[in-house]
Amino acid sequence: MNDFTYLQATQAKDATAAVRDNKDAAFIAGGTTLLDLMKLNVENHGQLVDINNLAFKGVEQTADGLRIGALERMSDVGEHPLVVQNYPVVSQSLLLAASPQLRNMASIGGNILQRTRCGYFRDTAFPCNKRAPGSGCPAQTGENRNLAILGGSQTCIATYPGDFAVALVALDAVLLLENAKGKQRRVPLVDFHVLPGTTPQRETVIEPGELIVSVTIPAAAHARKSMYLKVRDRASYAFALASAAVGLDVQGGQVRSARVALGGVGTKPWRSVAAEKVLTGAPATEATFRAAAAAAVREAQPREQNRFKVELAQNTLVRALLELSAA
Amino acid sequence: MTAHSPDFFAMENEPSFFETSPTPGVVGKPLNRVDGRDKVMGRAKYSAEYPLPGLTYGVLKTSDIAKGKIQSIDTSAAAKAPGVLAVFTHLNLPSLAKTPNDADGKKAIGAPMGFLPLTSDVIHYAAQPVALVVADTFERATYAATLVQVRYLTEQPIAAYTDPKATRFNPEKIQDGKADGYTRRGDAQAALASSAVKMTAVYTHAINHHNPMEPGSTTAVWEAPDRLTVYESTQGVTRTQKSLAAYLGLPQDQVRVITKFIGGGFGCKGSCWPHTVLTAQAAKGVGRPVKLVLTRPQQFTSMGHREDQTQTLTLGATAEGKLTALIHEKTSTTSPWDNYAEANSKIINLLYECPTFESHYELARGNVMTSTFTRAPGEAPGSFAIECSMDDLAYRLGLDPIEIRLRNYAEKDPSTGQAWSSKSLRQCYARGAELFGWSKRNPKNGVTREGRTLVGWGMATASYPVHNSQGTARVRLYADGHAVVQAGATDLGTGTYTVMTQVAADSLGLPPEKIRFELGDTKLPTAPNSGGSVAAGTVSSSVYMAAQDVWERLTKTAIKDPKSPLFKAKPDEVMVDKGRLQLKANPSKGEDFMVLMKRAGMDDIEGSGQGKYGAGYETGQAANPAGSGHQDEAGKHSMHSFGAHFCEVHVDPDLGTVRVTRWVSVHGAGRILNAKTARSQIIGGSIFGIGAALMEATARDPHYARYVNADLGDYHIPVNADIPDMTVEFIDEHDPYINAMGVKGIGEISMVGVAAAVANAVFHATGKRVRDLPITPDKILGTKAV
Ligand SMILES: Cc1cc2nc3c(=O)[nH]c(=O)nc-3n(C[C@H](O)[C@H](O)[C@H](O)COP(=O)(O)OP(=O)(O)OC[C@H]3O[C@@H](n4cnc5c(N)ncnc54)[C@H](O)[C@@H]3O)c2cc1C
Ligand code: SF4
């Protein structure tokens with residue numbers, strides 16, 4: 001890790017200006033992604049701008065839905081009564097992630113911006129298009145068991161590893177961003193992460209110096225009846241091999257509205273509108289769920305070691321829908 | 001070693017002082033760890049925690065490539081970085097008297113690997129050290145290491161035996177010359193040809209890393225130009241001392257190695273690895289103490305691993321399920337220099353009665369460092385093969401898995417024909433089955449459901465040898481009723497401090513709080529490595545024998561002392577009970593050692609004793625004079641621990657997840673010194689095995705021969721949620737041959753057979769036989785209940 005200077009910002013504009021004006025600077029919230037990658041020399045920042053004193057806090061009901069400050073900690077949000085009651089999928093996605101220590105430290109803004117666990121990305125001795133654009137992607141024919149089957153390209157198939165953002169894309173959450181001019185904009189979370197294409201180094205639409213202020217999740221029947229199912233190599237403290245964030249509004253055996261997103265299998269938090277289309281208006285039966293799952297992975301392009309994820313993603317989704325509709 | 005008169009305190013009887021004494025002793029009792037409080041208070045000093053004056057920090061810079069040459073190495077930027085004292089490369093590191101790069105050097109050093117980095121410009125494996133930076137702080141050294149610029153001439157590496165470009169060969173010897181590459185007993189091929197039942201199965205095992213919580217670390221201090229002290233995280237201070245002395249060309253006693261606490265080792269700390277000698281060289285170079293702690297990623301390429309391997313096991317049996325032939329083949333990856341492979345076939349050769357046996361080893365050289373002993377080396381993966389195949393045989397013949405094992409029960413060691421020194425395997429099966437409720441098992445697989453999950457039960461046999469070993473201990477008994485007991489052993493965190501305190505307490509008739517047991521220093525009497533499960537047996541026996549030496553001396557004093565009630569008694573008429581010297585025939589005639597010592601004006605008295613493999617209370621000292629090794633009575637016996645594991649799993653066939661929901665282990669391992677630490681040890685080993693069974697795998701990229709998951713976020717070891725409550729019991733086993741204390745050791749047997757028990761339970765649950773470890777969800781998918 002290189003030496004860096006450290007600035008504790010008390011005003012958003014100081015923080016955003018510091019980062020906009022210095023290519024070398026980065027925000028630090030919980031630091032659980034940032035410092036990890038700096039210790040691996042995957043990221044090298046000459047200045048860290050600590051944003052923990054900014055007022056991006058609070059979990060509150062607004063006209064647009066539940067607004068959560070970007071600096072709220074994963075554990076606090078996951079256990080918050082409003083989240084537990086009205087957005088179970090969000091609560092579960094947070095509490096099934098990482099470890100208690102990490103959840104106590106990590107902010108939800110930083111969580112959304114966590115980076116891939118692709119082993120080639122995390123070790124500077126390997127080529128990697130995401131870390132060193134143009135150097136190649138050894139994962140394509142290498143160790144790709146954990147990598148994505150959806151949204152990949154010849155340039156990169158890195159999985160978006162997080163859980164929380166998967167729940168957020170399912171529920172149409174919207175981010176509030178603020179730049180150095182003090183200008184704010186709203187970006188739906190589905191549009192926030194971008195596909196790797198030929199530029200895997202670019203992961204989101206956030207601009208240099210722009211901050212995540214908060215995230216708002218609209219209230220909905222399919223949000224109140226929702227769940228997160230996560231399948232992993234061990235019972236706890238592991239990233240998803242596949243996960244499903246689902247919300248259902250079922251009336252008289254018919255699905256009135258449905259929300260589906262997959263984790264662990266996409267290069268970004270993977271909302272599946274195709275699966276939702278199959279579900280909406282159809283009877284809430286296993287056959288429908290199976291058809292929806294098939295639709296969700298129709299575009300899958302597995303590599304040698306991650307072929308199993310095509311089946312696993314479908315089974316995970318079907319199971320989540322079955323459990324939710326039985327609940 | 002003190003000379004014993006031939007039959008003076010000869011061990012005719014099992015040392016049962018703590019069972020028969022009027023006041024019960026502490027050996028075997030669940031005494032709390034004597035070092036527990038220090039550990040939780042942060043007072044226990046691990047090897048990297050000595051704040052020496054003038055201490056500097058060493059950090060390794062490692063190779064980006066796995067094969068090739070260093071074309072140029074530019075250290076100028078690193079050397080100019082703040083706080084940097086030196087940047088060492090193969091060009092400027094202080095020289096060594098010997099390196100392991102040739103066979104003689106390797107032997108003299110006792111090196112685990114026939115290559116020392118920083119001795120030339122050649123790169124043999126990924127993350128091989130290429131430079132060592134020393135700075136005044138750890139952070140500055142870490143940063144400066146990133147500034148070392150290396151240009152490589154890259155060649156295409158071989159990652160594993162599975163690479164079509166790899167050349168495979170049949171080694172004459174494996175495991176560093178310790179085991180044969182080919183073994184044959186009878187004519188297995190012919191026996192197989194005429195067998196009613198023939199089965200062949202192929203098993204693979206992923207690369208596993210030991211990953212102790214505490215990484216490897218060395219702090220090297222040159223006390224004088226020819227005198228070195230090293231604070232080292234090692235399982236054997238003496239082995240490290242010998243290796244360093246050979247490397248550096250110093251007399252052994254000019255090197256002192258200190259290891260007071262270890263945060264786990266599991267075999268990777270059983271040898272002196274390159275980072276240790278490199279640190280000593282760097283300390284010489286900068287003229288100040290240097291501390292080097294491996295990073296977690298470096299831990300994966302610095303202290304060995306369990307090698308990637310395929311086993312093919314063919315068995316022949318009669319229609320009744322009696323084995324007729326066993327043929328075992330193993331192919332694995334080794335380094336460019338060494339023929340290392342775990343000797344998997346040993347356990348297969350002795351676990352069951354079988355008239356014929358054959359084993360072949362095949363190796364391929366890869367661009368990887370040499371693999372090394374990893375908890376139950378050979379026995380763990382070997383038992384996976386034989387115990388899954390025995391399960392297959394049981395199903396094939398419609399027999400209960402325990403029944404098939406009883407039909408093939410080995411009444412003597414089939415590999416040598418020797419009688420067992422003791423074996424309680426039948427009791428282990430019976431007690432384990434009872435605790436588990438095995439009799440309620442549904443013989444059909446794939447039919448027991450609970451909700452959406454399939455439930456399965458599996459069991460497997462465990463066995464581990466008692467290895468040849470010896471060591472010395474010293475007792476200093478004070479007239480005021482306390483004692484200092486010493487042996488240069490190490491405590492991996494498993495309880496050596498505690499159990500030796502217990503043995504010393506009972507041997508000296510003192511309460512444990514009056515004993516201070518010291519270990520982990522080459523200034524103390526030499527004890528064996530804590531490895532191969534030998535420490536508990538050997539060190540406890542040496543402590544016991546050292547106490548007998550003290551009693552022998554005090555008895556001589558008493559019978560010459562006119563004021564003693566024992567005046568003029570014959571030595572063999574005297575016995576000691578709880579610190580009281582008394583007549584065997586008339587226990588009321590005697591006196592406490594404190595009374596005797598005070599009257600004789602003795603402040604303290606010292607004794608020493610040797611604990612030895614084969615010197616049990618039956619064979620006795622007379623039958624096994626000092627230094628004779630095990631070429632005595634004991635040579636007539638094959639010495640092993642045995643046990644049985646029982647496992648219940650819940651398998652979700654749609655999601656591929658396997659959860660262990662119940663666990664029972666019963667072992668017969670001789671005398672158990674502490675019920676609590678022993679139970680913990682078995683639980684730990686079983687969890688280690690469950691890790692290998694279900695999740696542990698280091699992934700090596702096939703093109704770059706480099707690991708892609710070298711950290712604990714991506715190399716999965718079990719977490720609490722993966723492990724159910726575990727039931728552990730021991731069979732009360734009295735082995736008269738192994739050593740003075742009758743202790744077999746339990747460090748490794750606890751993980752033998754574990755992976756098979758899990759895999760057998762998975763088979764019972766799903767009807768799908770997974771032979772590739774670890775059994776991750778991808779290998780379960782596609783399983784439909786049969
Ligand atoms: C071992 C391990 C296991 C894990 N397992 C899981 C898991 O199972 N599931 C899961 O979802 N996650 C997991 N994580 C990831 C973890 O949740 C994230 O590291 C964490 O949420 C990041 O939050 P932070 O506040 O620490 O971010 P930081 O490390 O502080 O920041 C991360 C990035 O976001 C930027 N940033 C932070 N806040 C803002 C903001 N408000 N506006 C703009 N930019 C910002 C930083 O500049 C940085 O680039 C795991 C992490 C580890 C280390
Ligand atoms: S998948 Fe992406 S992150 Fe991984 S090696 Fe390829 S380019 Fe790098």
Side-chain angles (χ1 to χ4, degrees), chain A residues 1-4 32 36 39-41 44 98-99 102 117-127 136 138-147 161 229-239 241-244 304-320 322-323, chain B residues 62-66 81-82 126-127 139-140 142-143 145-147 159 295-297 452 652-660 690-691 694-704 706-723 774-782:
Chain A
M1 193 197 246
N2 53 285
D3 276 354
F4 56 83
T32 61
D36 184 25
K39 285 183 186 170
L40 296 169
N41 298 306
N44 304 288
S99 64
L102 283 159
R117 297 295 296 195
C118 173
Y120 300 98
F121 171 73
R122 289 170 59 80
D123 179 349
T124 58
F126 283 115
Q140 305 277 350
T141 56
E143 292 297 328
N144 50 37
R145 176 176 179 268
N146 297 333
L147 300 189
L229 179 64
K230 182 174 178 182
V231 181
R232 39 190 162 172
D233 281 329
R234 61 182 167 192
S236 173
Y237 196 22
F239 290 93
L241 288 170
S243 68
E304 190 183 333
Q305 295 178 346
N306 63 8
R307 218 162 285 281
F308 74 98
K309 286 192 175 184
V310 178
E311 184 189 348
L312 182 59
Q314 292 182 71
N315 292 355
T316 306
L317 178 53
V318 170
R319 175 68 59 81
L322 281 172
E323 284 190 10
Chain B
T62 62
S63 165
D64 283 353
I65 65 163
E139 291 77 9
R140 287 171 147 180
T142 301
Y143 174 58
T146 68
L147 301 178
T295 64
R296 184 58 61 179
R452 294 186 195 281
D652 189 317
D654 302 319
L655 306 182
T657 49
V658 177
R659 299 283 175 254
V660 175
I690 291 172
L694 293 180
M695 62 192 82
E696 293 195 40
T698 321
R700 193 188 286 140
D701 177 86
H703 310 292
Y704 292 86
R706 187 178 182 89
Y707 297 126
V708 300
N709 62 338
D711 66 49
L712 288 179
D714 300 287
Y715 179 92
H716 295 134
I717 57 171
V719 295
N720 282 327
D722 292 297
I723 304 301
I775 307 173
T776 42
D778 42 320
K779 294 170 188 154
I780 297 291
L781 286 183

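Sequence lines set the chain letters: A, B, ... in the order given, protein chains first and strands last, and positions in each chain run from 1.
- Minimum interatomic distance between B/T657 and A/V231 (heavy atoms only, all atoms of both residues): CG2-CG1, 3.9 Å.
- Interface remark: B/N720 contributes no atoms to any contact with chain A (heavy atom separation under 4.5 Å).
- Here B/R659 is the residue among B/R700, B/R659, B/E139, B/M695 with the most heavy-atom pairs under 4.5 Å with chain A.
- For the residue pair A/R117 and B/G713, the shortest heavy atom distance occurs at NH2-CA, 3.9 Å.
- If you measure heavy-atom distances from B/I65 to chain A, you find no contacts under 4.5 Å at all.
- Heavy-atom pairs under 4.5 Å with chain A were tallied for B/L655, B/D711, B/V658, B/T776; the largest tally goes to B/L655.
- Other residues, nucleotides and ligands contribute more than 12 heavy atoms inside 6.0 Å of the CZ atom of A/F308.
- With chain B as partner, the option from A/N41, A/T141, A/D36 having the largest number of non-hydrogen pairs under 4.5 angstrom is A/T141.
- If you measure heavy-atom distances from A/P127 to chain B, the contacts under 4.5 Å come from the side chain alone.
- In this structure, A/S236 and B/V719 approach most closely via the heavy-atom pair O-CG2, 3.7 Å.
- Residues A/F126 and B/Y704 share a closest heavy-atom pair of CE2-CB, 3.6 Å.
- The side-chain heavy atoms of B/L781 and A/L312, taken from C-beta on, include a pair separated by under 4.5 Å.
- Interface summary for chain A: among B/T146, B/I723, B/D652, the most heavy-atom pairs under 4.5 angstrom belong to B/D652.
- In this structure, CG on A/N144 lies 10.0 Å from CG on B/D701, to the nearest 0.5 angstrom.
- Only the backbone of B/L712 has a heavy atom closer than 4.5 Å to any heavy atom of chain A.
- B/I717 has its side chain within reach of A/R234: a pair of non-hydrogen atoms, C-beta onward, lies under 4.5 Å apart.
- With rounding to the nearest 0.5 Å, the separation of CG in A/N306 from CG in B/D778 is 10.0 Å.
- B/D722 contributes a side-chain N or O that, together with a main-chain N or O of A/A235, makes up a donor-acceptor pair within less than 3.5 Å.
- Summarising the geometry, atom CD belonging to A/E323 is positioned 6.0 Å from atom CZ belonging to B/R452; distances are rounded to the nearest 0.5 Å.
- Both the backbone and the side chain of B/H716 come within contact range of chain A, each with at least one heavy atom under 4.5 Å from a heavy atom of that chain.
- Here the shortest heavy-atom pairing between A/D123 and B/R706 reads OD2-NE, 2.7 Å.
- Separating the CD atom in A/E143 from the CG atom in B/N709 is a distance of 8.0 Å, to the nearest 0.5 Å.
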